[in-house]
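Residue numbers count from 1 along this sequence.
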Amino acid sequence: MPKIRLPDGAVKSFDGPVTVAEVAQAIGPGLARAALAGRVNGKLVDTSFRLENDCELAIVTERDKEGVEILRHSTAHLLAYAVKDLFPEAQVTIGPVIENGFYYDFSFKRPFTPEDLEAIEKRMAELAKKNFPVRREVWPRDKAVQYFKSIGERYKAEIVASIPSNEEVSLYREGDFIDLCRGPHVPSTGKLRVFKLTKVAGAYWRGDSKNEMLQRIYGTAWAKKEEQDAYLRMIEEADKRDHRRLGTQLDLFHLQEEAPGMVFWHPKGWSLWQEVEQYMRRDYAIKPMNCPGHVLIYNKGLRSYRELPLRYGEFGVCTRNEPSGALHGIMRIRAFTQDDGHIFCTEEQIQPEVTAHTTLLQKVYADLGFTDVVYKLATRPPKRVGADELWDKAERALQASLESSGLAFEMLAGEGAFYGPKIEYHLKDSIGRSWQCGTMQVDFSMPGLLGAQYVAEDNARRVPVMLHRAIVGSMERFIGILIEHYAGAMPLWLAPVQVVVLNISEGQTDYAKRVEAALKQAGYRCEADLRNEKITYKIREHSLQKLPYQLIVGEKEKAAEKVAVRTRSGEDLGQMFLPDFVARLRSEAKAGSTA
């Protein structure tokens, strides 16, 4: 008689073994209809899983995060089913869940077209409506290998063959389609009601550029249509804000076919770069990317505990041979500049240093327009260096720092670096997308491996702890994030050109030049447009450049020694004396102002 303990503490007893689905039915028909899976003693299982012993059970529905992930994973398999149904010659490979959706990789003789995606999505909906049961089957490894070889699925056979021969493998069958998967899955395809295929991209088999290029079909799936509609609106808005499009439109940078993964900055874009870099140089020290290099600097001389914490920093240019298929504008490139740095400290100094870094990071993000920050603590991975007691100390220090700052955080078990745990700082942009930029990593290993020491208070030689930290990460990527966050309409202090002076006719040319010179003398980035064009044309053209201010000068303004002020939003502020306008700029052009 298994006794099932539920999340609310209630215990249900049964005369014999029962499935998760049967327990849900015993609780209530509504829960039975909503059940997608179960969590048995913390492990996710299908609703068909049999409970034979006493256990703790939670019924997983679409309201749970795991429930939504199961919907997405099951929809990925539905995608594979539809592709095989429409294109029998296509071979399936893998189809995992990703943030906000899923993908599945296929090998096919020709590229999938937008029309193909429409047909696949339609077929998915038809298969979902048939409400096929999704059943788990357990096979011997070798039987599964032979099966997939027999139906021509060589990629799937290769995956199964990599599993130890003495292990059984789980497969899931829905209709006449069967696929390898650990599961769990929804109990039937009828649970899959809200999904959308979004795009096709290339992907190498097993991520190796030496292997065949596959076709990756991306999609999204949700519990409710309203949630999916909101997500698709966000994607549409993100497309409008694409930094690559805005980079060309606003004349900030370009990418050259002959130099993939390299950014060519134009004067306006470089001005934006300098504002970000100089802001960071004013406010805090930056550390380098080349970690061993700063250990060598540290080692030049005998260090005392009185010198710690010792901080080094610089902007460091890095190169990385990213696969061509992974390159993405200035977000992912082969040559980039990192605001990476290091702190050498004692074990007792870890927590206050981490806390100070988090405080600084919050200020920087807020000044740059990001106030929604998510904190994640990544702990020791299976493959790592260093003794467990050192990992214990490092993880405790990072967790205590977050807790002392009163911050809610998510645990990422096993996702730390091989040399130490880390805090990841994820900022959210204006349309809700999450970007991991900042990091703080504790390293007990590298300093000792490279001979770093300090003389402790008791005159003993000890190895310092090394903290790896970054706030923006890649400067190029962060500027891309800024461009998309503001949709190209940068705050005054970041705008490459802050003010443009427009003359109505040739008679105001000299006065427009004097206004331009006065603004430049006051320290503002100003240009004068003295072309012989209609003023409406010039206003419209500079409005597309999203400049914060346009100053129009005609005969009335020239005679009164004033300027007519127009904002980026099209608001007419009327005539102002130039000193009054400069005072307005001064109040707005501070780091942190979003005007």
Handout entry: Basic-acidic side-chain contact under 4.0 Å: Glu275, Arg525
Key = yes

Problem - Any side-chain donor near an acceptor of the partner, Trp273 and Glu277, under 3.5 Å - result: yes

Practice task
Assert yes or no for the condition that the ring centre distance of Phe253 to His266 is strictly below 6.0 Å.
Solution key: no

Handout entry: Side-chain donor-acceptor contact under 3.5 Å, Thr358 with Ser405
Key = no

Handout entry: Side-chain donor or acceptor of Glu476 paired with backbone N/O of Ile330 under 3.5 Å
Key = no

Handout entry: Reported CG-to-CZ distance for the pair Asp64 and Arg39, which is rounded to 0.5 angstrom
Key = 6.0 Å

Practice task
Using the ring pair (Phe, Tyr, Trp, His ring centres under 6.0 Å) rule, take Tyr218 and Phe102 through it: C-alpha gap first, then chi angles, then the decisive distance, then the call.
Solution key: CA-CA 6 Å; Tyr218 286 91; Phe102 58 88; 9.0 Å; no

Exercise for the section: Could you tell me whether Lys224 and Glu62 make a salt bridge, using a distance below 4.0 angstrom between a side-chain N and a carboxylate O? Expected result: yes

Exercise for the section: Please find out if less than 6.0 Å separates the ring center of His243 from that of His485. Expected result: no

Practice task
Spell out, as yes or no, whether a donor-acceptor pair under 3.5 Å connects the side chain of Ser304 to the backbone of Glu307.
Solution key: no

Handout entry: His468 NE2 to Thr439 OG1 distance, which is reported to the nearest 0.5 Å
Key = 9.5 Å

Problem - Worked check of salt bridge (charged side-chain N to carboxylate O under 4.0 Å, His left out) between Arg245 and Asp239 - result: CA-CA 9 Å; Arg245 176 183 300 168; Asp239 185 59; 3.5 Å; yes

Handout entry: Interatomic spacing from CG in Leu368 to OH in Tyr279 - rounded to 0.5 Å
Key = 5.5 Å

Exercise for the section: Determine whether Met331 and Ile481 make a side-chain contact, defined as any pair of heavy atoms from C-beta on separated by less than 4.5 Å. Expected result: yes

Problem - Any donor-acceptor pair under 3.5 Å from Tyr365 side chain to Gly438 backbone - result: yes

Exercise for the section: Count the heavy atoms of every other residue, nucleotide or ligand shown that sit under 6.0 Å from NZ of Lys428, and state whether that count exceeds 12. Expected result: no

Problem - Within 6.0 angstrom of Lys268 NZ, more than 12 heavy atoms from elsewhere - result: yes

Exercise for the section: Considering only NZ, NE, NH1 and NH2 on the basic side and carboxylate oxygens on the acidic side, decide whether Lys376 and Glu415 come within less than 4.0 Å. Expected result: no

Practice task
Scan side-chain atoms only and decide if Tyr419 and Gln441 contain a donor-acceptor pair under the 3.5 Å cut-off.
Solution key: yes

Exercise for the section: Kindly indicate whether a cation-pi arrangement holds for Arg396 with Trp391, taking the cut-offs as under 6.0 Å to the six-membered ring centre and within 45° of the axis. Expected result: no

Handout entry: Ring centre gap for Tyr305 and Tyr454 strictly below 6.0 Å
Key = no

Completion exercise
Taking every heavy atom of Ile350 against every heavy atom of Ala397, the minimum-distance pair comes out as CG2-CB, 3.5 Å

Practice task
Would you sort out whether Leu551 and Val500 count as a side-chain contact (heavy atoms from CB on, under 4.5 Å), showing the intermediate values?
Solution key: CA-CA 6 Å; Leu551 303 184; Val500 64; over 6 Å; no

Handout entry: Side-chain H-bond candidate by donor/acceptor type, Glu236 with Tyr231, under 3.5 Å
Key = no

Handout entry: Euclidean distance, Tyr298 OH relative to Leu308 CG, rounded to 0.5 Å
Key = 5.0 Å

Problem - Validation row, ring centre Phe370 to ring centre His426 under 6.0 Å - result: no

Practice task
Return yes if some donor-acceptor pair links the side-chain N/O of Asp339 with the main-chain N/O of Ala470 below 3.5 Å, else return no.
Solution key: no

Exercise for the section: For the residue pair Glu403 and Gln399, confirm or rule out a side-chain donor-acceptor distance under 3.5 Å. Expected result: yes

Practice task
State whether Asp429 and Arg241 are salt-bridged, where the test is any N-O pair (Lys NZ or Arg NE/NH1/NH2 against Asp/Glu carboxylate O) under 4.0 Å.
Solution key: no

Handout entry: Verdict with supporting geometry, Ser543 and Gln550, side-chain hydrogen bond (donor to acceptor under 3.5 Å, both in side chains)
Key = CA-CA 8 Å; Ser543 295; Gln550 297 180 26; 3.2 Å; yes

Practice task
Scan Gln498, Glu588, Arg566, Arg568 and name whichever one has a side chain to side chain contact (heavy atoms under 4.5 Å, CB included) with Tyr549.
Solution key: Glu588

Handout entry: Pair Glu424 + Lys422, salt bridge at N-O below 4.0 Å
Key = yes

Handout entry: Residues Glu516, Lys520: salt bridge by 4.0 Å N-O rule
Key = yes

Exercise for the section: Kindly confirm or rule out a cation-pi arrangement of Arg216 over Tyr103, judged by NZ or CZ under 6.0 Å from the six-membered ring centre and within 45° of its axis? Expected result: yes

Exercise for the section: Please step through salt bridge (charged side-chain N to carboxylate O under 4.0 Å, His left out) for the pair Arg306 and Glu457, ending with a clear verdict. Expected result: CA-CA 8 Å; Arg306 294 187 179 90; Glu457 193 169 4; over 6 Å; no

Practice task
Please check if atom CD in Gln256 has more than 12 non-hydrogen atoms from other residues, nucleotides or ligands closer than 6.0 Å.
Solution key: yes

Problem - Pairing residues for Arg586 by the salt bridge (Lys or Arg N to Asp or Glu O under 4.0 Å) criterion, not counting sequence neighbours - result: none

Completion exercise
CD1 (Ile483) and CD (Gln249) are apart, to the nearest 0.5 Å, by 11.0 Å

Problem - Asp580 bridged to Arg584 by N-O distance under 4.0 Å - result: no

Practice task
Return yes if some donor-acceptor pair links the side-chain N/O of Asp242 with the main-chain N/O of Gly329 below 3.5 Å, else return no.
Solution key: no

Handout entry: Residues Asp392 and Arg380 bridged, charged N to O under 4.0 Å
Key = yes

Exercise for the section: In plain terms, say whether Asp229 and Lys225 are close enough for a salt bridge, that is, a side-chain N and a carboxylate O under 4.0 Å apart. Expected result: yes

Fill in the blank from the handout: Between the SG atom in Cys345 and the CZ atom in Arg311, the distance rounded to the nearest 0.5 Å is 9.0 Å

